[in-house]
Protein chains: 2
Amino acid sequence: MSTDLMNRDELLSALDQEMRKVSAQSVLFSQAVAEQLGINSTDLECLDIINFSSPITAGRLADLTGLTTGAITGVIDRLEKVGYVRRERDPNDRRRVIIQPLPEAAQKISPLFDSMAQAMSKLYSSYSDQEIALILDFATRSNSIVLEEIAKLQGKEEAEAGEN
Amino acid sequence: MSTDLMNRDELLSALDQEMRKVSAQSVLFSQAVAEQLGINSTDLECLDIINFSSPITAGRLADLTGLTTGAITGVIDRLEKVGYVRRERDPNDRRRVIIQPLPEAAQKISPLFDSMAQAMSKLYSSYSDQEIALILDFATRSNSIVLEEIAKLQGKEEAEAGEN
DNA sequence: GTAAATACTTGAGATACTAAGATAATTAGA
DNA sequence: TCTAATTATCTTAGTATCTCAAGTATTTAC
């Protein structure tokens, strides 16, 4: 159904549904990328962070992902084994492990996003600056709502635990 | 930075980043909801499908989720144990198991979405029908791109397997 | 110079998945 | 109408990844 035939309620519930799809599908996309790279989704998420915030320590990666340091040791072991990262000792604090992304990782990952980037770029070109700004504003405001609601849910948990 | 101070490139990369956040955060939101319900994310996803497409069989649920039937047996076992669903034999084909959602599930789930629904509804109220239609159109087009790109990645996999 | 704190690794146990085979019910063919 | 093949789910064994707690090495603070 074309959007100009929809009344407001229909528009809103359609938008709800599409936003839900956005997240479901990007999970699927990540899984497909991970599979192409021969790693699991957790390791890909970590690899993304490592590439984006390099240099990064194992402990910082644990903080950012919410995984335990024990789990992170496993992540780095696996990523190192397939040659995507390298462990390096921090010379200033030799307890620390700095995770260095290797060029091999970026070289294998980039092309997997090329086609997507092109298609999205084409989509963007059909919108004016003002329209992009509107969409960006909507996304930003949605995100801050969701962030707040996550906090409320997690707060509820602690509150109930505290009651006991 | 306010959007009217951004040039097009800045707008586009900000939008990219926000759309990424949309999906990351809705995963976190789901996890928080699941935790409140005392179940895991997979089981919550299944419970959603069960509620939405009731009555549904175990096999159909396996198809929709991409899990094996063995895994679905475990999902139903766990959901049944906490009283969110009930197994029922299909009288017309007694091999089939129909999964019935129990009122307990909806009663526990609904309130967890109330606050979010209210906040989103307030956000929506600040947009005109035309603006909502624009955002919906963008989301829909993005989704069809992502869907296509997932198919391409998965096709690549098969193609490479076929080469050998 | 020693005690406490920090950063990571290790190992045991828990959970949830897949793959393959078992069981039970239905369908199709001679 | 038997019988074989198919279908739907469950069971079991094996695997992967997580948490938690303890262990090791290094740094910090007194």
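Proteins get letters first, then strands, A, B, ... in listed order; numbering begins at 1 in each.
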Could you state the [atom1]-[atom2] distance from [X] to [N], rounded to the nearest angstrom?
| X | N | atom1 | atom2 | result |
| --- | --- | --- | --- | --- |
| B/D77 | D/dT9 | CG | C1' | 11 Å |
| B/L79 | C/dA16 | CG | C1' | 13 Å |
| A/E88 | C/dC8 | CD | P | 13 Å |
| A/R96 | C/dA5 | CZ | C1' | 12 Å |
| B/R60 | D/dT9 | CZ | C1' | 17 Å |
| A/L61 | C/dT9 | CG | C1' | 15 Å |
| A/I72 | C/dG11 | CD1 | P | 19 Å |

Among side-chain atoms of [X] and [Y], is any donor-acceptor pair under 3.5 angstrom?
| X | Y | result |
| --- | --- | --- |
| B/S23 | A/S23 | no |
| B/D16 | A/Y124 | yes |
| A/S115 | B/E149 | yes |
| B/S126 | A/R141 | yes |

Notebook entry, point to check: Side-chain heavy atoms under 4.5 angstrom apart, residues restricted to Ile, Leu, Val, Met, Phe, Trp, Tyr: same cluster for B/I150 and A/M116?
Noted result: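 Per the 4.5 Å side-chain linkage, B/I150 and A/M116 are co-clustered.
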Margin query: For a quick test of reading the model: is some side-chain N or O of B/R87 closer than 4.0 Å to OP1 or OP2 of D/dT9?
Written below: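 It does not, given that no N or O in the side chain of B/R87 lies less than 4.0 Å from OP1 or OP2 of D/dT9.
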Next item on the list: Taking only Lys NZ, Arg NE, NH1 and NH2, and the carboxylate oxygens of Asp or Glu, determine whether B/R86 and B/E88 approach each other closer than 4.0 Å.
Entry: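 Salt bridge flag = yes for B/E88 with B/R86.
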Checklist line | Cationic N near anionic O, under 4.0 Å, A/R87 to A/D77 | finding: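 Here A/R87 pairs with A/D77 in a salt bridge, since their nearest N and O are under 4.0 Å apart.
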Each nucleotide N or O in nucleotides 17-21 of chain D that has a protein N or O under 3.5 Å away: list the pair and distance.
unit_1: D/dT17; atom_1: OP1; unit_2: A/N40; atom_2: ND2; d: 2.5
unit_1: D/dC18; atom_1: OP1; unit_2: A/T42; atom_2: OG1; d: 3.0
unit_1: D/dC18; atom_1: OP2; unit_2: A/R78; atom_2: NH2; d: 3.2
unit_1: D/dT19; atom_1: OP2; unit_2: A/T68; atom_2: N; d: 3.2
unit_1: D/dT19; atom_1: OP2; unit_2: A/T68; atom_2: OG1; d: 2.8

Notebook entry, point to check: Could you state the interatomic distance from CG (B/L44) to CD (B/Q36), rounded to the nearest 0.5 Å?
Noted result: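 Output value for this atom pair is 11.5 Å.
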Margin query: Using 0.5 Å steps for rounding, measure from the CD atom of A/E131 to the CG atom of B/D137.
Written below: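 Reported value, rounded in 0.5 Å steps: 9.5 Å.
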Check: Taking all non-hydrogen atoms of both residues, which atom of A/C46 and which atom of A/I72 are closest, and how far apart?
Finding: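 For A/C46 versus A/I72, the nearest heavy atoms are SG-CD1, 4.3 Å.
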Next item on the list: Indicate the ring-plane relationship of A/Y127 and B/F138, choosing parallel, tilted or perpendicular according to the 30° and 60° boundaries.
Entry: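 It falls in the perpendicular class, over 60°.
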Check: Could you run down nucleotides 23-29 of chain C 5' to 3' and tag each one B, S or - for protein heavy-atom contact under 4.0 Å?
Finding: -BBS---
Checklist line | Contact list for DNA chain C against residues 48-58 of chain B - heavy-atom distance below 4.0 Å | finding: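 Going residue by residue through residues 48-58 of chain B, none turns out to have a heavy atom under 4.0 Å of DNA chain C.
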